[in-house]
Amino acid sequence: MDHELTLLIKEARGGSEEAFSALVSKYKGQVFRHAYAMMNDRGEAEDVAQDAFVKAFYSLHKLDNDFAFVSWLTRIVSNLCYDRLKKKQKSKHVQMENLEHNSLRHSSSPIDRTNTKLIIQEAMKKLSVEHRSALVLRDVQGYSYEEISEILNIPLGTVKSRINTARGILKKELSRGDEYE
Amino acid sequence: MNEHVDELLSAYVDDELSEKEYIKVKNHLEICSRCTGIFHELQEIQEGISFLYGSIEIPDIHFENAIMAKIKEINPKASIYYRWIVGLPALFMVIIIAISLFAFSDLFYVGVTVASELIKIAVSLSHTVVLVLSSIPFLLEVFAITTIIIVGLSVWSVRYLLRSKTAE
């Protein structure tokens, strides 16, 4: 971690809005991507990402180790997404928005890439919050299994199993797309 | 043919297997087209997810502004500007007083000097008056006789006035 970051964290902890704003600019991409991958909705992702930063601002004094800032921030956004999705699940079932009508073709031309993106996005909705959390931390954020285990506070074996199951579900969904092609 | 390695393929894609497991999967993939096909599919899914969420548009500066607004809304006292709003007038007052004392110190000194001199003059004058009065001979006697005469005249005047009123 660079010296500039530790300095920003220190200043932000002292109440400097300027320093905290700089931290937001530095990590908003990472936090927003995570929220977007979890929520699958731009507006909601922005809301959650903003809430995560606000929470981080007021909890900075609880951060013992500045070197763990990024994973700490990821844990905050991950927990917020989890809570929000669980709340949503209680109020209504996740919609399966026409997944069956989409198709997947295994090629890498720009058009097919776009198509694959859409299908993956739809297929992600099929995953449970737990499976999605683990997969997003791995494939979107690039954390190791051990780091994911610490962030989600679950055993390493559970991380491995959740990612494996999540990919299995996605593979199945994408194959179904092929059948409708 | 070796046993299929479906359960290990996901962790193999992530390079999260133990050395023993890694060798097992690697050797199996060399001879099993089915598992190789699954491995490629999993790789494609992983790349697809990374590409999908790695290429989304990140919110602009309004994002930062919205966060800072939320922070101020929750606790305005946390705002550094708020601290300035409260602290600045106090600081300003202290500075003004300090500057005034420094800039007008000469004037203040002159004022105090003049006042003390005036007091000294007043004290001297009172001493002088006392000395003058004490130097006049029979002053007390003259004062006493004059007072008696004045009091006597006043009494006579009052009695005269009362008598005139009764006669009417």
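Between atom CD of residue Glu57(B) and atom OH of residue Tyr36(A) there is a gap of 10.5 Å, rounded to the nearest 0.5 Å. Atoms CG and NZ, from Leu42(B) and Lys171(A) in turn, are 7.0 Å apart once rounded to the nearest 0.5 Å.
Proximity to chain B is absent for every atom of Ser161(A), based on heavy atoms less than 4.5 angstrom apart. Looking at Gln121(A), both its backbone and its side chain come within 4.5 Å of chain B, counting heavy atoms on both sides. Interface remark: Asp6(B) contributes backbone atoms only to the contact with chain A (heavy atom separation under 4.5 Å).
Across Tyr53(B) and Arg33(A), no two heavy atoms sit closer than the pair O-CD, 2.8 Å. For the pair Tyr58(A) and Ile71(B), the tightest heavy-atom approach, listed with the atom from each and the gap, is OH-O, 2.8 Å. Nearest heavy atom pair, residue Ser10(B) against residue Tyr145(A), reads O-OH, 3.8 Å.
Residue Arg34(B) qualifies as enclosed at atom CZ: its count of foreign heavy atoms under 6.0 Å is above 12. In the displayed structure, Glu146(A) atom CD is contacted under 6.0 Å by at most 12 heavy atoms of other residues, nucleotides or ligands. More than 12 heavy atoms of other residues, nucleotides or ligands lie within 6.0 Å of NZ in Lys26(A), so this atom counts as buried by the packing criterion. With a 6.0 Å radius and a threshold of 12 heavy atoms from other residues, nucleotides or ligands, Asn65(A) has its CG atom above the threshold. Within 6.0 Å of CD on Glu19(B) lie no more than 12 heavy atoms contributed by other residues, nucleotides or ligands. Residue-environment remark: NZ (Lys86(A)) exceeds the threshold of 12 foreign heavy atoms within 6.0 Å.
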- Candidate pair Ile67(B) and Phe20(A), rule side-chain contact (heavy atoms from CB on, under 4.5 Å), full reasoning: CA-CA 10 Å; Ile67(B) 289 168; Phe20(A) 190 73; 4.2 Å; yes
> Under the side-chain contact (heavy atoms from CB on, under 4.5 Å) criterion, do Glu41(B) and Arg167(A) qualify, and how do the steps go?
Replying inline: CA-CA 9 Å; Glu41(B) 274 185 282; Arg167(A) 285 190 180 137; over 6 Å; no
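Counting heavy atoms from C-beta on, the side chains of Met124(A) and Ile49(B) come closer than 4.5 Å. A heavy-atom distance below 4.5 Å is not found between the side chains of Phe53(A) and Lys70(B).
If you tally non-hydrogen atom pairs under 4.5 Å between each of Ser50(B), Ala11(B), Ala66(B), Pro59(B) and chain A, the highest count goes to Pro59(B). Here Ala37(A) is the residue among Ala166(A), Gly29(A), Gly168(A), Ala37(A) with the most heavy-atom pairs under 4.5 Å with chain B. Among Leu52(B), Ile45(B), Asp14(B), the residue with the largest count of heavy-atom pairs under 4.5 Å with chain A is Asp14(B).
If you check the side chains of Ser25(A) and Glu64(B), you find a donor sitting under 3.5 Å from an acceptor.
Cluster membership check: Leu118(B) shares its hydrophobic cluster with Val110(B), using side-chain heavy-atom separations under 4.5 Å among Ile, Leu, Val, Met, Phe, Trp and Tyr. In terms of hydrophobic clustering, with Ile, Leu, Val, Met, Phe, Trp and Tyr side chains grouped at heavy-atom distances under 4.5 Å, Ile58(B) and Tyr27(A) are assigned to a common cluster. In the hydrophobic clustering of this structure, Val130(B) does not group with Phe143(B); members are Ile, Leu, Val, Met, Phe, Trp, Tyr whose side-chain heavy atoms approach within less than 4.5 Å, directly or through other members. Note: the hydrophobic cluster containing Leu156(A) also contains Leu135(A) (ILVMFWY, side chain heavy atoms under 4.5 Å, direct or indirect links).
The residues Lys160(A) and Glu16(B) are annotated as not salt-bridged, no charged nitrogen and carboxylate oxygen being separated by less than 4.0 angstrom.
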